[in-house]
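Naming: A, B, ... by sequence-line order, numbering from 1 per chain. Below, each value reflects all heavy atoms present in this structure, side chains not excepted, and no hydrogens, waters or symmetry copies.
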Number of protein chains: 2
Amino acid sequence: MRKTNVITPFKKLSHVHQQCADSALSVAEETCNSRGVRLTKLRRRVLELVWSSHEPIKAYDILDILRNERSGSAPPTVYRALEFLQDEGMVHKIESLNSYVGCGAPAHNHASQFLICHSCGAVAEMDDIDIRNLIADKAADMGFKIDKEIIEVKGICSQCSGEYSSDKKC
Amino acid sequence: MRKTNVITPFKKLSHVHQQCADSALSVAEETCNSRGVRLTKLRRRVLELVWSSHEPIKAYDILDILRNERSGSAPPTVYRALEFLQDEGMVHKIESLNSYVGCGAPAHNHASQFLICHSCGAVAEMDDIDIRNLIADKAADMGFKIDKEIIEVKGICSQCSGEYSSDKKC
DNA sequence: AAAATATATGTTATATTATAACATAACAAA
DNA sequence: TTTGTTATGTTATAATATAACATATATTTT
Ligand SMILES: [Zn+2]
Ligand SMILES: [Zn+2]
Ligand SMILES: [Zn+2]
Ligand SMILES: [Zn+2]
């Protein structure tokens, strides 16, 4: 069994989140440049808002912020930006929460398994090849050809369960 | 690796669906009786509508039918019945489709992995212990304690991919 | 640079999904 | 049969998302 490929881990309280966001934004700019797609000011700002925490954010929460910044902001403003960002792999939708999280590895296409802490709300992302392979095998047994997997695991993260008592909050 | 526990397989065109529905309804009645909860006429009818096919059904499609049958039907009518049926394990929500499917094994609590054919819309349900264990192991590596897993796999079922050419449609 | 084209955003309206809150009815227990 | 409990009816509204068309901005071609 290979090691899990952790794309976005649960973070310690001590982590400097601005670094996550800055890093994501600059990877996004490079990636968009190399792909010849446009990370416009609006899209960049929406991505920034998605990265404002490690908790998934709702479209209308983004909209509430945008309305204070750009007149004429409306639902399509947000949904179109989110659609672009999802298409480019910068953002993933958490289906079970109708919410959106930033992707820690937007440059390459991948599957995702999300771990969602229902205590602190934080989301970790992995792309675990063992899980992918096992599901593919089991699906193949039933003659099913996979296009996309949605895996959203709910529970309690290590910070919230107090496993690391020196750093209680996520 | 154990054999996959298939709760609801993809069905052949030749299958008599009324049997699925009848069976589900009678298991539901027994299960509710033994639990001392009430499968009222309304709840029973909603379950029947959920079982009207192997494709997930939308709450408002149920409502459209109920409105022709019971005056006073309104969104809460449907959502309350669905909530009961979900709580009792008779129905599962497919989060990525905002839709509902009948469970083929409501009598005992289980995890689910859904295979969703985006050609014919049919949904198969499994509870595969290997998948559950692997995800639990990987999550444990990250210090994460699982409460519930949402696994919705999109792709093409065997009937639609023509693997069984004698019985093309699901 | 100007015109033409393509892409992105603004704007208004509406569709879809889901819940809150309170009233009445049906059922179960005492 | 009265009392309490659970289920349903009813009205209203919240939350999530898309359609359709107008305008603006960016890119390419002339
Ligand atoms: Zn961070
Ligand atoms: Zn947590
Ligand atoms: Zn059937
Ligand atoms: Zn199919």
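Put simply, the side chain of B:Y60 and the base of C:dA15 share no donor and acceptor less than 3.5 Å apart.
What separates CZ of B:R44 from P of D:dA7 is a distance of 17 Å, to the nearest Å. Per the geometry, CD1 belonging to B:I94 stands 16 Å off C1' belonging to C:dT17, to the nearest Å. Across the protein-nucleic acid pair, A:E88 atom CD and C:dT7 atom C1' stand 14 Å apart, rounded to whole Å. Atom CG of A:L42 is separated from atom C1' of C:dA8 by 9 Å (rounded to the nearest Å). Rounded to an integer number of Å, the gap from A:D61 CG to D:dA17 P is 12 Å. Rounding to whole angstrom units, OH of residue B:Y100 and P of C:dT17 are separated by 9 Å. Rounded to an integer number of Å, the gap from B:Y79 OH to D:dT8 P is 17 Å. Rounded to an integer number of Å, the gap from B:L63 CG to C:dT17 P is 12 Å.
Considering only heavy atoms from C-beta on, A:P75 comes within 4.5 Å of A:L63 through its side chain. Between B:H54 and B:C20 the shortest side-chain heavy-atom distance falls below 4.5 Å.
Heavy atoms of A:K41 sit nowhere under 4.0 angstrom from any nucleic acid atom.
Checking B:T40 against A:P76, the closest nucleotide of DNA chain D that is more toward the 5' end is the one next to B:T40. Two residues, B:N98 and B:R80, neighbour DNA chain C, and the one matched to the more 5' nucleotide by heavy-atom proximity is B:N98. Toward the 5′ end of DNA chain C lies the nearest nucleotide of A:V37, the other residue of the pair A:V37 and B:A59 mapping further downstream.
Ion pairing between a basic and an acidic side chain is recognised when a charged N comes within 4.0 Å of a carboxylate O; A:E69 and A:R45 show such pairing.
Considering only side-chain atoms of A:P75, the nucleotide from D:dA17, C:dA8, C:dT11 that sits closest is D:dA17. For A:R43, taking side-chain heavy atoms from C-beta onward, the closest of the listed nucleotides C:dT19, D:dA7, C:dA8 is C:dA8.
Phosphate contact (OP1/OP2 of D:dG9, side-chain N/O of B:S73, threshold under 4.0 Å): absent. One finds a side-chain N or O of A:K58 lying less than 4.0 angstrom from the OP1 or OP2 phosphate oxygen of D:dT16. Between A:R38 and D:dA26 there is no side-chain N or O to OP1 or OP2 distance below 4.0 Å.
Using cut-offs of 30° and 60° on the angle between ring planes, the pair B:H92 and B:H110 is perpendicular.
With A:P56 as the fixed residue, the side-chain contact (heavy atoms from CB on, under 4.5 Å) test singles out one of A:V123, A:V91, A:D61: A:V123.
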